[in-house]
Amino acid sequence: MSYFNLKKVSTHLWELPKTGNMRVPGRIYVNDKLKSSLFRDNAIDQVRNVAFLEGIQKYSIAMPDIHWGYGFPIGGVAAMDAETGVISPGGVGYDINCGVRFIRTNLQYDDIKDQLPNLVNTIFQNVPTGVGSHHSIQQLSVSELKQVLKLGAKWPIQRGYGKETDLEAIEEFGCLKEADPEKVSSKALRRGSDQPGTLGSGNHFIEIGVIKNVYDEELAQKLRLKKDQIIFMIHTGSRGLGHQVCDDYVHEMLMKIHTLKFELPDKQLACAYIQSPLGKDYFGAMACAANFAWANRQIIMSKVEKAVLQALRTSPSELGYELIYDVCHNIAKFEDHEIDGKTKRICVHRKGATRAFGPGRKELAERFREIGQPVIIPGDMGTESYLCIGTEKAMQETFGSSCHGAGRTMSRHKALRLTNINRVMSDMRNKHIFVKAAKNKTIVEEMSDAYKNVSDVVQTMHEVGIIKKIVRSVPLGVVKG
DNA sequence: ATGTTC
């Protein structure tokens with residue numbers, strides 16, 4: 001059976017056969033409901049193009065939320081041999097370490113249902129949002145900013161934003177130690193100096209949600225989650241600093257594109273050998289941007305807690321505000337994986353894809369080593385989100401990776417053409433979701449209809465066995481940029 | 001995603 005040139009491998013898994021200069025086949029996870037959305041853009045061509053890259057292992061992988069991105073598709077995973085392979089800024093994306101954190105509380109829906117506008121407005125007043133948002137904390141000197149880039153989430157914790165144990169619930173404990181601030185341009189540093197603790201724009205958000213369904217009682221209990229509980233999610237990345245790092249290295253690599261010993265099917269796949277000076281410089285700078293993003297989410301999390309305490313006139317012990325997990329979904333990392341029966345060091349590019357490590361991985365903090373890594377998969381601002389857990393199957397099939405969200409199905413431009421602020425706001429009111437944003441335009445661009453159905457995306461990966469669903473939450477209040 | 005065209 002085939003669909004266009006895709007061959008069915010098993011339930012929800014399709015293979016793009018290896019042709020021409022592809023080094024490996026493509027593999028696409030998608031269920032029947034989402035299959036047609038695959039052909040709305042040229043993302044499958046991008047899955048094929050990525051397979052041309054030197055050092056790529058096993059497959060060029062695409063998740064069900066795949067859509068077109070710069071060079072590499074968003075919703076893609078590409079693992080390169082750490083010795084012979086290449087690293088590419090396009091395989092990480094412009095928003096380096098864009099990611100999500102999921103926070104539990106002791107609150108029940110009834111505790112806050114009359115306070116929603118107050119809660120959302122107080123958060124909005126305390127966290128700068130929107131393009132160019134700045135001055136959440138004091139402007140940092142170059143040397144202070146370099147400390148942020150070295151320390152990641154630890155930097156704000158040392159200054160009273162959150163607590164030391166938060167680090168155990170962050171991928172890499174909130175810090176890539178390879179970070180080298182000397183590889184970050186002065187322009188990138190300038191853009192980052194006043195942006196720690198700011199939300200940004202686009203699909204970034206702060207959400208107040210309530211847990212509606214529990215799929216796995218035992219795991220939910222271990223994570224201190226239950227039905228009707230109020231949770232918070234924070235989705236943001238490395239702001240102007242990460243964007244500038246990506247821009248700088250895309251240009252640098254384009255200038256040295258002739259030094260590659262193979263032909264690129266697309267200039268947007270500009271890359272460098274991982275072991276070359278340029279490849280190492282990019283990784284050192286990317287790690288800085290990743291650390292900046294973790295510091296950013298840490299500061300915002302703490303500011304949201306303060307806002308909630310203020311709005312509800314409650315105490316920290318009553319609130320029980322605690323980080324469940326923080327995932328990145330735009331990053332490259334060095335990891336050991338079993339390939340053809342041997343353990344091999346690879347550089348895993350996850351772009352619009354979440355790490356989903358199963359039980360036993362040494363990278364996980366002790367409290368997650370037995371159960372596996374929590375995987376946070378938010379929907380669009382009008383729909384549900386899922387907290388899941390990684391599995392052994394993810395380790396075998398996808399280098400320990402899963403989907404990252406709903407995935408756009410419509411361009412921002414098209415969304416603006418098709419609807420308007422009044423219609424989107426009335427849709428949100430009908431769903432009883434209170435929204436506050438820096439700009440109306442962002443709300444229109446982010447309307448639910450511009451996204452795939454996140455439940456279909458998550459269900460695909462759940463049924464394949466790459467992740468296991470734990471709980472589903474729905475939004476009550478949303479802050480956007 | 002982004003001082004949304006250095």
Side-chain angles (χ1 to χ4, degrees), chain A residues 41 43 46 65-76 88-100 128-136 139-140 145 184-206 234-252 254-255 268 285-286 288-290 292-294 296-297 300 327-332 349-354 378 380-381 404-417 437-446 450-451 479-481:
Chain A
D41 57 25
Q46 296 191 312
D65 48 340
I66 181 180
H67 56 110
W68 190 90
Y70 181 86
F72 292 57
I74 295 161
S88 173
V92 170
Y94 271 83
D95 191 3
I96 296 165
N97 191 5
C98 185
V100 203
T129 64
V131 176
S133 48
H134 59 285
H135 292 162
S136 177
Q139 169 115 19
L140 301 179
L145 180 60
V184 177
S185 70
S186 52
K187 193 173 174 186
L189 292 172
R190 192 168 65 245
R191 290 182 69 173
S193 64
D194 60 356
Q195 289 191 323
T198 62
L199 188 67
S201 179
N203 61 5
H204 292 166
F205 64 78
I206 300 167
I234 295 163
H235 178 208
T236 184
S238 50
R239 311 285 289 104
L241 184 140
H243 190 275
Q244 192 62 47
V245 166
C246 182
D247 211 32
D248 290 341
Y249 282 91
V250 163
H251 283 112
E252 194 83 16
L254 277 172
M255 282 195 295
Q268 293 188 354
M286 184 218 69
C288 286
F292 183 94
W294 277 313
N296 192 28
R297 291 197 286 276
I300 292 174
V327 296
C328 357
H329 49 224
N330 279 16
I331 203 160
H349 296 68
R350 295 191 183 92
K351 181 187 190 181
T354 313
D380 63 80
M381 68 179 177
H404 86 306
R408 286 197 82 89
T409 176
M410 190 188 292
S411 70
R412 292 181 178 280
H413 184 78
K414 190 173 174 191
L416 290 170
R417 216 176 54 224
K439 281 193 121 170
N440 284 343
K441 188 168 162 242
T442 306
I443 298 181
V444 177
E445 290 173 345
E446 288 290 310
Y451 283 87
V479 169
K480 293 200 55 91

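Below, chains carry the letters A, B, ... as their sequence lines are ordered, and counting in each starts from 1.
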Measure from [atom1] on [X] to [atom2] on [N] and round the result to the nearest Å.
{"X": "A/K439", "N": "B/dT2", "atom1": "NZ", "atom2": "P", "value": "13 Å"}
{"X": "A/Y94", "N": "B/dT5", "atom1": "OH", "atom2": "C1'", "value": "13 Å"}
{"X": "A/K441", "N": "B/dA1", "atom1": "NZ", "atom2": "C1'", "value": "13 Å"}
{"X": "A/K414", "N": "B/dT4", "atom1": "NZ", "atom2": "P", "value": "26 Å"}
{"X": "A/R239", "N": "B/dA1", "atom1": "CZ", "atom2": "P", "value": "11 Å"}
{"X": "A/Y249", "N": "B/dT2", "atom1": "OH", "atom2": "P", "value": "21 Å"}
{"X": "A/H235", "N": "B/dA1", "atom1": "NE2", "atom2": "P", "value": "7 Å"}
{"X": "A/Y70", "N": "B/dT4", "atom1": "OH", "atom2": "P", "value": "18 Å"}

Tell me which of A/D247 and A/E446 sits closer to the 5' end of DNA chain B, going by the nucleotide each one is nearest to.
-> A/E446
Taking only the side-chain heavy atoms of A/K187 (C-beta and beyond), determine which of B/dA1, B/dT2, B/dC6 contains the nearest atom.
->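 So the nucleotide nearest the side chain must be B/dC6.
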Looking only at B/dT4, B/dA1, B/dT2, the nucleotide nearest the A/V131 side chain is B/dT4
With a non-hydrogen cut-off below 4.0 angstrom, is [X] in contact with a base, only sugar-phosphate, or nothing?
{"X": "A/G240", "answer": "sugar-phosphate"}
{"X": "A/S201", "answer": "sugar-phosphate"}
{"X": "A/E445", "answer": "nothing"}
{"X": "A/H204", "answer": "sugar-phosphate"}

Residues that A/H67 engages under side chain to side chain contact (heavy atoms under 4.5 Å, CB included), provided they are two or more places apart | A/D41, A/I74, A/R408
Hits for salt bridge (charged side-chain N to carboxylate O under 4.0 Å, His left out) against A/K480, two or more places apart or cross-chain, chain-then-number order -> A/E446
Check whether any side-chain nitrogen or oxygen of A/R412 sits under 4.0 Å from OP1 or OP2 of B/dT4, and answer yes or no.
->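 Answer no for this pair, as no side-chain N or O of A/R412 is under 4.0 Å from OP1 or OP2.
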Is the phosphate of B/dA1, meaning OP1 or OP2, less than 4.0 Å from a side-chain N or O of A/N330?
->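 Indeed not, no polar side-chain atom of A/N330 lies that close.
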Closest non-hydrogen atom pair, A/K351 against A/V92 | CG-O, 3.7 Å
Can you name the closest pair of heavy atoms from A/G197 and A/N296 and give their distance?
-> N-OD1, 2.6 Å
For this output row, return yes or no: ring centroids of A/H235 and A/H329 closer than 6.0 angstrom.
->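 Yes, they do, as the ring centres are separated by less than 6.0 Å.
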